[in-house]
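Notes follow once the structure below has been shown.
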Amino acid sequence: MALRVEERKVAVADLVEGMYVCRLDRDWEGTPFPLQGVMIADQADIDLLASLCEWVYVDTLLGVAPPEPVVVAAPARDVGPVFDNSEIEALQHSQAYPQLAAFDTELPQAREAQAEVVRLATRILDEVRAGRPIAAGEVREAVEPMVRSMVRNADAFLWVDRLRERGDYAYDHALGCSALAAALGRHLGLPEPLLVDLAAGALLLDIGKLRVPPELLVRPGSLDAQEMREVQAHVQHALDLLDHGTAVPAHVCEMIATHHERIDGSGYPHALEGDRIPLLGRIAAVIDSYHAMTSPRPHRPAMAQHVALQQLYRGRSTAYAGEVVEQFMQCMSVYPVGSLVELNTGEVAIVMAQNAARRLMPRVMVLTTPDREVLDHFGTLDLMMQGDRDAAIRIVGALSPDECGLDPVELFL
């Protein structure tokens, strides 16, 4: 899948079902759409857009193209640094990964791959805690089963990982970032060897925190300037650990070194700006932040996934590279795998798998009755495969676990 969208300007009156609207002739803020981008499912979507704007931009890679294409530039607004063409040519072969296995077929393999990556990654982190160096070959060995599963069917692995029992944050963050990095790399069409590098680098992003005083990492209050410097030093600690390892690719080292840099120069350790931050570092910044936001921390509860995506979107072009954010949002979709959603029937469901052609109609597992009583048996429903569209069940909104009093991980343990 290409990194750059292929946009075409279309009058709202000319929209048809199946087109994917990626931009408006106005800002998305203040519209009823929680995230940038909407797949046109019916006339109601067109009528709603007509009440908001005259022109839109459709992405022909994600939906139906206009009959007479006219390629136009993006609207005149800052969307952050554009990827350097040489980076794209070096890392990207414009390959789209086909779905090699159905969700249900891949699920057992995804569980095996997830158990293996947990086992090997835990051993690696335990060895670092014990003072032993990182072996690059072992890190690649840890993530390769996950990458192979993700290539066959990304949703199956993300589903298994989302319902994984949580423990020590350092381990959870390493595993979660690694899975998200592989998913985004697959979405971008990066070649499989680079997916392994990306997943391996993400696994090691915060490895240096194992050398930071633990009390600083779990303190709920604010840190003073010296304490903040000690925490920020985890980036250099990670690089020192890698220096004692073997054959870590230079782009993986750069990814780890720059994952806390920010596009506007507000990051650390070197306050790099814009495209001075390497591509994998820009990707890592988004992955690292998203997983941290959606994880419970001593100083705040976990954000719902849709809220974290909104937060990233608000930070595009200031904290994060705009195009990386937009690609990550497309990868996660409107309702990411593992999201809790409310159906128009009043039931609560959890998203299991995406429908790429109809992003508002994923496959879900129904968890409760309309009265929010947890069911004894959870049935699955593919919202895209319903016959009677007038009576079709649909999602009316995303929920946080606090809103409905449900913890999916506890339900499935």
Task: Sidechain N-carboxylate O distance under 4.0 Å for Asp161, Arg164 - done: yes
- [ ] Decide, yes or no, whether a salt bridge links Glu17 with Arg358 under the criterion of side-chain N to carboxylate O below 4.0 Å.
- [x] yes
Open item on the list: List the residues meeting side chain to side chain donor-acceptor pair (under 3.5 Å) with Glu141, not counting sequence neighbours, and say none if there are none.
Closed with: none
- [ ] Mind checking side chain to side chain donor-acceptor pair (under 3.5 Å) for Ser149 and listing every partner two or more places apart, or none if nothing turns up?
- [x] Glu106
Open item on the list: Between Arg276 and Glu261, does any side-chain N to carboxylate O distance fall below 4.0 Å?
Closed with: no
Task: Qualifying residue for side chain to side chain contact (heavy atoms under 4.5 Å, CB included) with Glu227, from Arg219, Glu215, Gln232 - done: Arg219
Open item on the list: So, using side chain to side chain donor-acceptor pair (under 3.5 Å) as the criterion, who are the partners of Ser400 when residues are at least two apart?
Closed with: Glu403
Task: Pi-cation contact, Tyr320 with Arg282 (under 6.0 Å, within 45°) - done: no
Task: Cation-pi, Tyr313 ring and Arg316 (6.0 angstrom, 45 degrees) - done: yes
Task: Electrostatic pair Glu116-Arg111, nearest N-O below 4.0 angstrom - done: no
TODO: Would you please classify the geometry between the Tyr268 ring and the His260 ring as parallel, tilted or perpendicular, with 30° and 60° separating the classes?
DONE: parallel
Task: Beyond-backbone contact of Val341 with Val348, side-chain heavy atoms, under 4.5 angstrom - done: no
